Amino acid sequence: KRQALRRDLRERLKAAPDLLRALSRLGLDRGGPRDLQAVQAALAAARAIVTLLDGAGAEQGSEIDEIRSTLAALPADLEALLASALSDELPLLARDGGFVRSGYDTALDDLRTLRDESRKVIAGLQARYSADTGVKSLKIRHNNVLGYFVEVTAANAAALNQGHHAGTFVHRQTMANAMRFTTTELGELEQKIASASDRAIAIERQIFEKLSGAVLERREPLRAGAAALAAIDVAASGAELGETGNLARPLVDDSMTFAIEGGRHTVVEQALARSGERCVSNSIDLSPKQPGGPGQIWLLTGPNMAGKSTFLRQNALIAILAQAGFYVPAQSAHIGIVDAVHSRVGAADDLARGRSTFMVE
């Protein structure tokens, strides 16, 4: 009856990943950044669905109302935490790094700057040294023997050897036309640059563990939320099929009635529809001949590929669908409460293509 609401709900559900799968992977220590993102996306979808259900006017105490209450109880602070911590593009594994959003952790941002923009950092230090000493030609260079060093011409070396600069710049090497120095700051910077990548990965792993712990602390409400999302998905999907799938609303009661008019095997029907063929419908009535009496038994015979197994499973499926609350592939159906379903299943048939178990084997 609420087609626009159903359409909007289904659209929001498309953005909801498999929350239970993500929780299971994180709980088994096999998760990655994308599992954290799945949790965040599911929480965002749940929040949007709550907004839609708020305006739906669901009857208090109904299943839809309970779903709304469960989704509304999901931790909004966890969604905000994950959204602020995770980048837009995520690697599969935490050890690959690069999944923490810039600005989330200052120490990590500094290491990334060292790792990715070391030339800019060195250039900034060179400009500062040049301004402090007044030596415009001062350069910071690098080789495999000395690492990073400060180089000035021999004529300007005195500016680094005298006054308050003498304790800052330590002589390393004298060349024909130049002198080379190092500083404590430059040495520390070199070590930081060399280890920045590994240290950045280590910090990201710590952040991943922290975020995973925050998710697993809320495991129970998240599991309840996953079940609520599944329930609203089933309800919306069932309603969609009920309207568009040429299905009938069954009558389910506590009688011994089992009467189906024009029933179809829904899987076979869809398989045949892709090739333009039509599924042949069949009816069945196993209702008692006398009110309150026992139900009937049919003995169904016929040659190979006459449709016996399809007919048997078709009615079993209709019984299950009816009790699950779905519309059924039939013109009409009246089914009493069913306590068990027994149906032969061919081990290797392909009924939609007209191949029985015998033919396949």
Side-chain angles (χ1 to χ4, degrees), residues 1 6 62-64 66-67 227 230-361:
K1 294 178 180 179
R6 184 175 74 241
S62 66
E63 185 180 7
I64 298 295
E66 291 176 4
I67 288 170
I232 197 70
D233 190 16
V234 168
S237 300
E240 184 81 9
L241 286 172
E243 185 171 332
T244 63
N246 191 25
L247 308 180
R249 180 178 180 175
L251 171 61
V252 180
D253 55 24
D254 58 359
S255 70
M256 291 289 290
T257 303
F258 193 96
I260 298 170
E261 289 290 329
R264 309 180 304 278
H265 191 301
T266 183
V267 179
V268 173
E269 181 178 40
Q270 292 186 37
L272 291 175
R274 285 196 289 270
S275 59
E277 299 181 66
R278 186 178 62 86
C279 180
V280 176
S281 63
N282 291 278
S283 302
I284 186 171
D285 190 351
L286 298 178
S287 307
K289 289 186 176 180
Q290 304 294 333
Q296 299 185 64
I297 293 177
W298 279 17
L299 177 63
L300 191 65
T301 64
N304 184 35
M305 291 308 294
K308 304 183 299 299
S309 293
T310 303
F311 182 66
L312 181 66
R313 282 183 271 179
Q314 160 188 309
N315 291 299
L317 282 171
I318 289 174
I320 293 168
L321 287 170
Q323 267 187 209
F326 290 104
Y327 281 45
V328 298
Q331 293 177 7
S332 65
H334 181 182
I335 302 172
I337 293 295
V338 177
D339 67 338
V341 173
H342 306 274
S343 176
R344 173 192 174 276
V345 177
D349 60 24
D350 191 355
L351 300 181
R353 290 184 174 86
R355 300 171 184 169
S356 70
T357 301
F358 307 108
M359 293 174 71
V360 170
E361 292 176 349

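This one's a predicted model, so the numbers in the text were calculated from it and none came from an experiment.
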Using every non-hydrogen atom in the two residues, find where [X] and [Y] come nearest and quote the distance to one decimal.
| X | Y | result |
| --- | --- | --- |
| Ile232 | Ile67 | N-CD1, 3.9 Å |
| Leu272 | Arg278 | CD1-O, 4.0 Å |
| Lys308 | Thr301 | CD-C, 3.8 Å |
| His334 | Ser255 | NE2-OG, 3.8 Å |

Expected output: side-chain Ser283 to main-chain Gly262 donor-acceptor under 3.5 Å:
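Pair found, side chain donor or acceptor close to backbone of Gly262.
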
First locate atom [atom1] of [X], then atom [atom2] of [Y], and finally report the distance between them rounded to the nearest 0.5 Å.
| X | Y | atom1 | atom2 | answer |
| --- | --- | --- | --- | --- |
| Phe258 | Trp298 | CZ | CH2 | 10.0 Å |
| Thr310 | Asn282 | OG1 | CG | 9.5 Å |
| Leu251 | Thr257 | CG | OG1 | 8.0 Å |
| Arg6 | Ser237 | CZ | OG | 10.0 Å |

Member of Ser287, Pro291, Pro288 meeting the side chain to side chain contact (heavy atoms under 4.5 Å, CB included) criterion with Met256:
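Going through Ser287, Pro291, Pro288 one by one, the side chain to side chain contact (heavy atoms under 4.5 Å, CB included) with Met256 is satisfied by Pro288 alone.
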
Pick from Gln314, Glu269, Gln270: which one makes a side chain to side chain donor-acceptor pair (under 3.5 Å) with Arg264?
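Going through the options one by one, the only one that passes is Glu269.
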
Do Leu300 and Leu312 make a side-chain contact, defined as non-hydrogen atoms from C-beta onward lying under 4.5 Å apart?
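Not touching, per the 4.5 Å side-chain cut-off.
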
Do any side-chain atoms of residues 317-331 form donor-acceptor pairs under 3.5 angstrom with protein atoms, and if so which ones, sequence neighbours left out?
residue	atom	partner	partner atom	Å
Gln323	OE1	Val338	N	2.4
Gln323	NE2	Val338	O	3.3

